[in-house]
Amino acid sequence: MSPAGDAYQGSRVLVLGASGFIGRWIVRTLTQAGAEVIAGVRDPETAAGILGRWGAHGGIVTVDLARAGAVGSLIRTIEPAIVFNAAGYGVDRNERDHELLRRLNHDLVAEIASGLRDRPRGRWAGARLVHCGSALEYGTLDGDLAEEGPAPQPTDPYGQSKLAGTVALRRIAVEAGMPSVTARLFTVYGPGEHPTRLLPTLLRAAATGAPVPLTTGAQMRDFTFVEDVAEGLLRLGAAVGTPGEVVNLATGKLLSVRDFARQAAHVLLIPEARLQFGLAGTHIAEMQHKPVTVAKLQHLTGWYPSVSVENGVRRTIAFQGGP
C-alpha cells in the first residue's frame, strides 16, 4: 500500500485522463491504497485493457472531456470526495488544435473546480482537486524554479494554456475556500510513456541492436520516475488543506539528457558507441531551466521522489517484462 494510502481507504475518487501515461499510474496507486476509484475515459474498452495491465481496478465511466458540461454532470452524478485531473492536450507535438488547447487545459480545469465547490466531501479532509500542471508553465524564467517566485513566462501555446488552467483553479478555489493543488510535473519517465520519447527509444534499441540518433544531450532536466509522481500526487491530495496551492513535484536534481541516456544505456547493456549524440535536432520549443525548488513539496508531505534513474530503468524493464 502507498504510504499515503490510509487517507484514501474507502474514499470515492474520480480520475480524469485515467488511461493516459500519468492517469493509469494514479489509478494503480489509488487501487493499492484501497480507494473506490472511478476512471473517467473517452474509450472504455481500450481503457479497460490498459488499466487491467496496470493492476488498476474500479469503475470505468465514459466522458467526453472536450464537451462543455460533461464533467460537471459526471461530478454531480458520482459525488467524488476528490478528483485527480491527469487530462490534458498538447504534450504530443502533433496536438496543435488551439481550440482543444484552450478547452482541455483551461476550460476543463475551471469546470472541474466549479463542479466540486458546492458538492459534499463526506469525511474527506484533504484537497478536493489535484490537477497535473506542467514545468512549461514557467517558460523563460531564470534562476531556480520556485512556486512563489517571479511570475511565470510561458512562451509556447501549451505552457500558456496550462498556466491559464492553474490560474483559473487558484481563483475559483480561493473564492470558494476549496482546498486544491496544482502539481507541476517535470520530465516524467517510466512504463507507459509515449513510444517516441527517450527511454522507449532506448528500450527498442536494446532489443534490436540499432544505433540511437540523439540530440547533443546538453539540455538539463529533472527526471522523475512515474511511480514516484503518482505517489507524490496522492500525498499532496491527502496533505493539502489550502485553496489554490501550486507545488513542484520533482526530485530537485538536474541531470543532462546525455547523462540520462548514458545511465539508461548502462542498465540496458547498450554500448555507448551506439548513442549517436548530435545527430538528432533539438526542438526549438524545448525548455531550458535551472534547478527545481522542492521545499514546498517536502514541507507539505515530508517526502520527495527518490527513485534513481538506474533503478527507474530497471523497474521499467521489470514491469514491461524485458527491453
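The analysis underlying the following values was restricted to heavy atoms, covering all of them including side chains, and did not include hydrogens, waters or symmetry mates.
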Taking side chain as C-beta onward, heavy atoms only, is [X] less than 4.5 Å from [Y]?
X	Y	result
L279	L214	no
F84	L129	no
V240	S180	no
P154	E137	no
R197	T187	yes

Which atom pair, heavy atoms only, marks the closest approach of [X] to [Y]?
X	Y	answer
Y8	A238	OH-N, 3.3 Å
A183	L233	CB-CD2, 3.5 Å
P305	L249	CG-CD1, 4.2 Å
P200	H194	CG-O, 3.4 Å
V267	V313	CG1-CG1, 3.8 Å
P191	F21	O-CE1, 3.3 Å

Query raised in the report: Do V27 and W25 share a hydrophobic cluster, counting only Ile, Leu, Val, Met, Phe, Trp and Tyr and linking them when any side-chain heavy atoms are less than 4.5 Å apart?
Result: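 Yes: a chain of side-chain contacts under 4.5 Å links V27 to W25.
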
Query raised in the report: If you group Ile, Leu, Val, Met, Phe, Trp and Tyr by side-chain heavy-atom gaps below 4.5 Å, do V246 and V83 land in one group?
Result: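 No, no single cluster joins them.
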
Would you call [X] and [Y] a salt bridge, taking side-chain N to carboxylate O under 4.0 Å as the test?
X	Y	value
E111	R103	yes
R184	E147	no
R170	E245	no

Requested in this report: Just do the side chain to side chain contact (heavy atoms under 4.5 Å, CB included) check on F225 and T251 with the steps written out, would you?
Outcome: CA-CA 9 Å; F225 187 58; T251 67; over 6 Å; no

Query raised in the report: Given L108 and V71, is the side chain to side chain contact (heavy atoms under 4.5 Å, CB included) satisfied, shown in steps?
Result: CA-CA 8 Å; L108 174 65; V71 76; 3.8 Å; yes

Query - Backbone of A151 reached by a side-chain donor or acceptor of Y138 within 3.5 Å - result: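 It does not hold such a pair.
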
**Report entry** Whether E193 side chain and G190 backbone form a donor-acceptor pair below 3.5 Å
**Finding:**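 Side chain of E193 to backbone of G190, a donor-acceptor pair under 3.5 Å: yes, one is there.
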
Report task. Tell me, with the steps shown, if R24 and L51 meet side chain to side chain contact (heavy atoms under 4.5 Å, CB included). Result -> CA-CA 6 Å; R24 65 188 72 175; L51 295 177; 4.0 Å; yes

Requested in this report: Report the C-alpha distance between Q276 and V212 in whole Å, list the side-chain angles of each, state the deciding distance to 0.1 Å, and finish with yes or no for side chain to side chain contact (heavy atoms under 4.5 Å, CB included).
Outcome: CA-CA 6 Å; Q276 300 180 338; V212 189; over 6 Å; no

Query raised in the report: Going by atom types only, do S11 and E36 share a side-chain donor-acceptor pair under 3.5 Å?
Result: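 No, E36 and S11 have no side-chain donor paired with an acceptor closer than 3.5 Å.
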
Query - Interatomic distance, L297 atom CG to L236 atom CG [nearest 0.5 angstrom] - result: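 If we round to the nearest 0.5 Å, L297:CG and L236:CG are 5.5 Å apart.
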
Query raised in the report: Given the side-chain rings of F260 and Y189, with only the six-membered ring counted for Trp, is the space between their centroids under 6.0 Å?
Result: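 So the answer is yes for these two rings.
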
